[in-house]
Structure formats: structure tokens, C-alpha cells
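So the structure is just underneath, and the comments pick up after that.
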Protein chains: 2
Amino acid sequence: MFSGCEEVSVPVRIGDKWTGKILVCLKDGKRRFSELQVPLQGVTPKVLTESLRAMERDGFLLRHAHPEVPPRVEYEITDLGRTLLELMETTCDWTAAHLTELLQARRAYQERAV
Amino acid sequence: MFSGCEEVSVPVRIGDKWTGKILVCLKDGKRRFSELQVPLQGVTPKVLTESLRAMERDGFLLRHAHPEVPPRVEYEITDLGRTLLELMETTCDWTAAHLTELLQARRAYQERAV
DNA sequence: TACGTAAGTATCGTTGCGGAAACCAGGGTG
DNA sequence: CACCCTGGTTTCCGCAACGATACTTACGTA
């Protein structure tokens with residue numbers, strides 16, 4: 001997750017590309033696979049599955065599969081996942097506080113190069 | 001930078017592979033290119049240069065090139081770089097606090113799969 | 001004249017993440 | 001019988017990061 005600014009590539013990231021956004025989506029309660037695809041605009045099912053499996057493996061979320069047809073699967077954040085979310089919010093704060101400075105440094109660097 | 005545990009891949013990382021270690025190396029004062037290559041065991045000059053250039057561009061360090069032969073270049077951490085280092089230490093703390101729990105989750109996941 | 005030296009470049013190859021598109025399972029519905 | 005639904009899986013592909021190896025520069029020294 002790039003913390004806080006998608007338009008500019010900032011060197012602060014936690015997990016893979018979607019980990020952070022998934023945790024945010026799960027913050028307020030369980031969500032289904034298809035309910036995650038909507039806010040996570042543009043994520044393909046393959047990549048979403050991969051991210052969810054990795055996060056389940058690491059204990060950041062729980063996967064509840066209901067044996068129905070059509071299938072229904074709910075994802076739920078764990079306590080450990082919440083600590084990670086908290087850490088991510090810290091990095092978001094860092095970005096918010098220093099992004100201007102970083103972009104300014106980039107502009108100055110550009111001008112020196114010219 | 002994987003924060004605090006190299007042996008296990010943990011989904012907490014800041015910058016590219018070497019950013020974190022470079023900042024740590026510069027924490028206590030200026031260092032030359034060759035002085036960075038030593039503690040950063042195994043980094044090739046190409047990759048080290050790429051990392052240093054990116055960090056210079058973003059304002060995390062300053063590059064002092066002395067016009068001598070053979071060349072002498074010193075790298076120095078900036079205030080902005082120090083705030084990033086601080087953030088990284090926070091993520092290291094998170095890892096230290098939760099790595100056991102994460103590994104335990106992985107083992108449990110493994111066993112469920114078997 | 002050849003060599004050493006510091007800080008890189010240049011070139012090539014490998015690997016892994018992420019994405020696009022198509023396919024699947026299996027019961028419910030028309 | 002054909003089609004729809006959800007939650008995937010499978011296959012293929014491109015790009016960027018990372019790495020290995022060789023080369024360069026330009027001066028002081030043996």
C-alpha cells in the first residue's frame with residue numbers, strides 16, 4: 001500500500017499492493033469477496049485471491065466459507081490485522097506530514113539536473 | 001527494508017531493498033560509497049548507486065562529490081531522512097512485537113492445509 | 001610505460017509481482 | 001436444456017527490481 005498518495009510513487013509501502021486497502025475495507029466489519037472488489041477498483045480476482053490468501057496465512061484476517069451454492073465467503077479482520085492497520089496509519093501520517101517536502105526535493109533535484 | 005527479520009519474509013517494508021540499511025549506515029555520520037558497500041554485504045555497485053540516487057532525489061540524503069582523483073564521494077543523511085529512519089524503527093518495533101504471532105499463524109495455516 | 005584506485009557505467013540475465021482474459025463448479029431458474 | 005450466480009482457478013504476458021560481470025576515467029606512482 002502506498003500510503004496516502006496514489007499519484008506519486010512514495011517509498012513507503014506495507015505488504016503487497018492491496019494489503020493496506022483490504023484492511024481498511026475490513027475495518028468496519030466482515031466483507032464478501034465481491035464486496036471487496038468494488039472499493040478496490042481494478043483489482044483482478046486472481047490478485048485479490050492471492051492477497052487474501054497471504055493475509056489469511058499470516059493471521060491478518062479470517063476466511064469464513066459458507067458451504068452454499070452459489071458460494072458465499074466472508075473475510076474478517078483479526079486483532080493482529082488491526083495492529084498492522086494501526087501501523088499503516090502511522091505511515092500514512094508520515095507521508096501526509098512529509099510528502100510536500102519530498103516533492104519539493106524532487107523538483108529541486110530536477111532543476112539541478114537541467 | 002524488511003524490518004528486523006531477514007530470514008522470514010514479512011510484509012512490512014519501506015522503500016526498496018536497501019533504503020533502510022543505507023539510512024542506518026548513515027545514522028552516525030557521513031559515509032563514502034565504498035564504506036557503504038562493506039556493511040551492505042552483497043550489494044552490487046549498480047544497485048547501490050540506484051538506491052542512493054533515488055534517495056538523493058527524494059531528499060533523504062545529500063551527495064558530496066569531491067573533485068579529486070581517485071574520486072571521493074560522501075553521503076550524508078538529511079533531516080527528512082531521519083524522519084524516515086524513525087518511521088522505519090517504528091515498523092521494526094511492530095515486527096519485533098508481532099513476528100512470533102505471525103509465524104504461529106503461518107504454522108497453524110500449514111497444519112490446516114495438511 | 002604500466003598499474004592501482006574510487007566511484008561509478010554498461011550490458012545482460014533472472015525473478016517475481018501484477019494484470020488480462022478465459023475457464024470452472026454446481027445448484028437454482030426459465 | 002441452457003443460462004445465471006459467486007468465488008474462484010488457469011494460462012499467458014509485461015514490467016520493474018535485483019543481480020553478475022566487465023568496463024571506464026584520470027591522475028599519482030613505481
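Proteins get letters first, then strands, A, B, ... in listed order; numbering begins at 1 in each. These numbers were taken from a predicted model, which means no experiment stands behind them.
- Contact annotation: B:Tyr75 does not reach the phosphate of C:dA7 (side-chain N/O to OP1 or OP2, under 4.0 Å).
- Not one side-chain nitrogen or oxygen of B:Arg72 sits closer than 4.0 Å to the OP1 or OP2 atom of D:dA26.
- Taking only side-chain atoms of A:Arg32, from C-beta outward, the nucleotide of D:dG8, D:dG7, C:dA7 with the closest atom is D:dG7.
- Not a single side chain to side chain donor-acceptor pair (under 3.5 Å) links A:Glu56 to another residue, sequence neighbours left out.
- Atom CD of A:Gln110 has 12 or fewer heavy atoms from other residues, nucleotides or ligands within 6.0 Å.
- Distance B:His64 NE2 to C:dA7 C1': 16 Å, rounded to the nearest Å.
- Contact check, A:Arg63 against D:dG7: no side-chain N or O comes under 4.0 Å of OP1 or OP2.
- B:Phe33 has its CZ atom 6 Å from the C1' atom of C:dA7, to the nearest Å.
- Between B:Arg53 atom CZ and C:dG8 atom C1' the separation is 8 Å, expressed in whole Å.
- Residues meeting the side chain to side chain donor-acceptor pair (under 3.5 Å) test with A:Ser34, sequence neighbours left out: none.
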What is the per-nucleotide protein-contact pattern of nucleotides 19-30 of chain C, from the 5' end, where B denotes a base atom under 4.0 Å from a protein heavy atom, S denotes such proximity for sugar-phosphate atoms only, and - denotes neither?
BB-----BS---
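- Put simply, CD on A:Glu50 is 8 Å from P on C:dG18, counting in whole angstrom units.
- Heavy atoms only, all atoms of each residue included: B:Leu40 and B:Leu48 are closest at CD2-CD1, 3.9 Å.
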side-chain contact (heavy atoms from CB on, under 4.5 Å), that's the test. Do B:Leu23 and B:Met88 meet it? Break it down for me.
CA-CA 10 Å; B:Leu23 288 181; B:Met88 286 185 348; 4.3 Å; yes
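- Across its full length, the helix from C:dT1-D:dA30 to C:dG30-D:dC1 shows an angle of 30° between the axes of its 5 terminal pairs at either end, rounded to 10 degrees.
- At the phosphate of D:dG7, OP1 or OP2 sits under 4.0 Å from a side-chain N or O atom of A:Ser34.
- Residue pairs meeting the side-chain hydrogen bond (donor to acceptor under 3.5 Å, both in side chains) criterion with at least one member in residues 40-55 of chain B, sequence neighbours excluded, are B:Asp16-B:Ser51.
- Taking the salt bridge (Lys or Arg N to Asp or Glu O under 4.0 Å) definition, one finds that B:Glu111 meets it with nothing, sequence neighbours left out.
- One interatomic measurement links the two molecules: CD of B:Glu74 to P of C:dA7, which rounds to 9 Å at whole-angstrom precision.
- Atom pair A:Leu48:CG and C:dG18:P shows a separation of 12 Å (rounding to whole Å applied).
- Heavy atoms of other residues, nucleotides or ligands lying less than 6.0 angstrom from CD of A:Glu76 number more than 12.
- Between the side chain of A:Glu89 and the backbone N or O of A:Glu86, no donor-acceptor pair lies under 3.5 Å.
- In this structure, the CG atom of B:Asp16 is 16 Å from the C1' atom of C:dC17, given to the nearest Å.
- Across the protein-nucleic acid pair, A:Arg31 atom CZ and D:dG7 atom P stand 13 Å apart, rounded to whole Å.
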